[in-house]
A.B. asks: 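Just dropping this structure here.
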Amino acid sequence: MTRPPVALLDYGVGNLHSAAKALDRAGAAVRVVPTVEAAAGAAALVVPGVGAYGACLAGLGRAGGAGAVAGWIKGGLPMLGICVGMQLIFEGSEEGPVHDGIGAIAGTVRHLPGTVKVPHIGWNQVQVRPGSRLLSGLPDGTRFYFVHSYAPEAGDPAVAAVCDYGNPFAAAVERDNLFGTQFHPEKSGASGLALLANFVDEARRA
């Protein structure tokens, strides 16, 4: 089976080693790139992200900016955002607040409710929306590893999986060639690898 070239964006927000290793194990030929422009020729783009939304957005600015990622998405090739990388897909976040996200999906990332311990750290189960390609083969109740204090709301049609922690929130999103996970698939064992293999399959078909 071919190993499609997958670009992993290194824009200064966290250690990419675990994500690169997991993508490699999932069947990708991983290329770490400093800018979206440098991803040209890859079959898919992965945008990770840890820490504050504003800091990630600033780092993204040095890698070509929100417009470059929006251009990649518009170009039709698969893109996966992980954790804050998924949050950046939305219009903005209460964290800051920040209002100039990529805006590929409508809505604002919200702070988790005060009724639960924040940050949300550890394993939690998700409910998978029928027909998801990213979570194909992964049943309702599959557990993934989360580390976050903010999350997108669960109501958008692009939401592919929901987690309930105080309130339901979007654990994953999917629309056409655009994918995202609030959890860390690279830290989620066999289930995370299965999800990344599904994304690599998308890259293979691109």
Side-chain angles (χ1 to χ4, degrees), residues 8-16 18-19 45-63 65-67 69-70 73 79-129 132 134-135 142-175 178-188 191-192 195-196 199:
L8 179 62
L9 188 64
D10 181 3
Y11 59 110
V13 289
N15 182 357
L16 301 188
S18 58
L45 175 68
V46 177
V47 180
V50 294
Y53 189 101
C56 286
L57 194 61
L60 191 64
R62 295 187 291 274
V69 179
I73 296 166
M79 179 257 175
L80 173 66
I82 297 174
C83 197
V84 181
M86 174 178 118
Q87 295 180 8
L88 293 172
I89 295 168
F90 288 79
E91 293 170 311
S93 175
E94 287 183 343
E95 185 180 14
V98 178
H99 303 294
D100 49 357
I102 294 164
I105 297 176
T108 298
V109 176
R110 306 287 182 191
H111 195 278
L112 294 172
T115 53
V116 290
K117 185 178 179 182
V118 176
H120 174 207
I121 300 177
W123 296 83
N124 210 335
Q125 61 184 25
V126 305
Q127 280 68 52
V128 179
R129 297 269 173 94
S132 168
L134 187 63
L135 291 109
T142 298
R143 296 169 70 83
F144 294 98
Y145 189 79
F146 291 85
V147 184
H148 63 117
S149 299
Y150 295 79
E153 294 172 303
D156 193 276
V159 174
V162 174
C163 180
D164 199 320
Y165 188 71
N167 285 325
F169 66 83
V173 295
E174 175 178 329
R175 189 178 65 208
L178 174 61
F179 305 88
T181 63
Q182 180 58 66
F183 50 83
H184 287 273
E186 77 281 9
K187 298 178 181 176
S188 295
S191 296
L195 180 148
L196 290 173
F199 179 72

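All heavy atoms count here, side chains included; hydrogens, waters and symmetry mates do not.
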A.B. asks: Return the set of residues passing ring-ring contact (aromatic ring centres under 6.0 Å, His included) with Tyr150 (not counting sequence neighbours), or none when no residue passes.
C.D. replies: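 Counting only residues at least two positions away or on another chain, Tyr150 forms a ring-ring contact (aromatic ring centres under 6.0 Å, His included) with His111.
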A.B. asks: Is the shortest side-chain heavy-atom distance between Val147 and Phe183 below 4.5 Å?
C.D. replies: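 Side-chain contact under 4.5 Å: no.
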A.B. asks: Scan residues 155-167 for pairs that pass salt bridge (charged side-chain N to carboxylate O under 4.0 Å, His left out), counting only residues two or more places apart or in two chains.
C.D. replies: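 As it turns out, there is no salt bridge (charged side-chain N to carboxylate O under 4.0 Å, His left out) pair with a partner in residues 155-167 once direct neighbours are skipped.
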A.B. asks: Which pairs with one or both residues in residues 91-111 pass salt bridge (charged side-chain N to carboxylate O under 4.0 Å, His left out), sequence neighbours excluded?
C.D. replies: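 Qualifying pairs, neighbours excluded: Glu94-Arg110, Arg110-Glu153.
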A.B. asks: Please find the pair of heavy atoms, one from Gly49 and one from Cys83, that lie closest to each other, and give the distance.
C.D. replies: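 Where Gly49 meets Cys83 most closely, the heavy atoms are O-CB, 3.3 Å.
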A.B. asks: Mind checking what makes ring-ring contact (aromatic ring centres under 6.0 Å, His included) contact with His148, not counting sequence neighbours?
C.D. replies: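 Testing His148 for ring-ring contact (aromatic ring centres under 6.0 Å, His included), a comparison that skips the adjacent residues, returns His120, Phe146, Phe169.
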A.B. asks: Do you know which two heavy atoms are closest between Pro152 and Val109, and how far apart they sit?
C.D. replies: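 Distance-wise, the nearest heavy atoms are N-CG1, 4.0 Å.
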A.B. asks: Residues in side chain to side chain contact (heavy atoms under 4.5 Å, CB included) with Thr142, at least two apart?
C.D. replies: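 If we apply the side chain to side chain contact (heavy atoms under 4.5 Å, CB included) test to Thr142, skipping adjacent residues, the hits are Leu138, Pro139, Phe144, Ser191.
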A.B. asks: Return the CG to CZ distance between Leu80 and Phe199, rounded to the nearest 0.5 Å.
C.D. replies: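 Going from the CG atom of Leu80 to the CZ atom of Phe199 covers 5.0 Å.
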A.B. asks: Examine distances only and state if a side-chain atom of Thr108 and a backbone atom of Gly92 form a donor-acceptor pair shorter than 3.5 Å.
C.D. replies: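 Checked: no pair found.
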A.B. asks: List the residues meeting side chain to side chain contact (heavy atoms under 4.5 Å, CB included) with Ala154, not counting sequence neighbours, and say none if there are none.
C.D. replies: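 Ala154 satisfies side chain to side chain contact (heavy atoms under 4.5 Å, CB included) with Val162, Pro168 only.
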A.B. asks: Less than 4.5 Å apart, any side-chain heavy atom of Leu196 and any of Val46?
C.D. replies: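 When only atoms from C-beta onward are counted, Val46 and Leu196 do not touch, as no gap falls below 4.5 Å.
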A.B. asks: Do Val50 and Val84 come within less than 4.5 Å of each other through their side chains, counting heavy atoms only?
C.D. replies: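 No, every pair of side-chain atoms sits at 4.5 Å or beyond.
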A.B. asks: Hey, what do you get for CG (Leu195) to CD1 (Ile82), rounding to the nearest 0.5 Å?
C.D. replies: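 So the gap between those two atoms works out to 8.5 Å.
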A.B. asks: Under the side-chain hydrogen bond (donor to acceptor under 3.5 Å, both in side chains) rule, collect the residues that match up with Ser132, sequence neighbours excluded.
C.D. replies: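 Ser132 satisfies side-chain hydrogen bond (donor to acceptor under 3.5 Å, both in side chains) with Glu174 only.
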A.B. asks: Starting at CD of Glu186, measure out to CG of Leu16 and round the result to the nearest 0.5 Å.
C.D. replies: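 If I round to the nearest 0.5 Å, the distance is 9.5 Å.
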A.B. asks: About how many Å separate CD1 of Ile105 and CZ of Arg175, when rounded to the nearest 0.5 Å?
C.D. replies: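 Arg175 CZ to Ile105 CD1: 5.0 Å, rounded to 0.5 Å.
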A.B. asks: Any side-chain heavy atom of Leu60 within less than 4.5 Å of one from Val69?
C.D. replies: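 Contact flag for Leu60/Val69 side chains = yes.
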A.B. asks: With a 4.5 Å heavy-atom cut-off, do Met79 and Ile89 have their side chains touching?
C.D. replies: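 In short, these two side chains touch, coming nearer than 4.5 Å.
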A.B. asks: Is the closest side-chain heavy-atom distance between Leu178 and Val173 below 4.5 Å?
C.D. replies: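 Not in contact.
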A.B. asks: How would you list, by chain and number, every residue that makes a side chain to side chain contact (heavy atoms under 4.5 Å, CB included) with Pro97, sequence neighbours excluded?
C.D. replies: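 Pro97: side chain to side chain contact (heavy atoms under 4.5 Å, CB included) contacts with His99.
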A.B. asks: Show the nearest heavy-atom pair for residues Lys187 and Ser18, with the distance to one decimal.
C.D. replies: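 Shortest heavy-atom separation between Lys187 and Ser18 comes out as CE-OG, 4.4 Å.
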A.B. asks: Hey, could you give me each pair passing salt bridge (charged side-chain N to carboxylate O under 4.0 Å, His left out) that has a residue in residues 142-152? Not counting sequence neighbours.
C.D. replies: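 Output for this query is empty, none listed.
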A.B. asks: With rounding to the nearest 0.5 angstrom, report the CG to OG distance, Asn124 to Ser188.
C.D. replies: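 Separation between the atoms: 11.0 Å.
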A.B. asks: Under 3.5 Å, is there a donor-acceptor pair between the side chain of Tyr165 and the main chain of Lys117?
C.D. replies: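 Pair found, side chain donor or acceptor close to backbone of Lys117.
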A.B. asks: By side chain to side chain contact (heavy atoms under 4.5 Å, CB included), which residues pair with Val13, not counting sequence neighbours?
C.D. replies: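 If we apply the side chain to side chain contact (heavy atoms under 4.5 Å, CB included) test to Val13, skipping adjacent residues, the hits are Tyr11, Cys56.
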A.B. asks: Can you name the nearest heavy-atom pair linking Ala66 to Ile102, along with the distance?
C.D. replies: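 Here Ala66 and Ile102 meet closest at CB-CG1, 3.7 Å.
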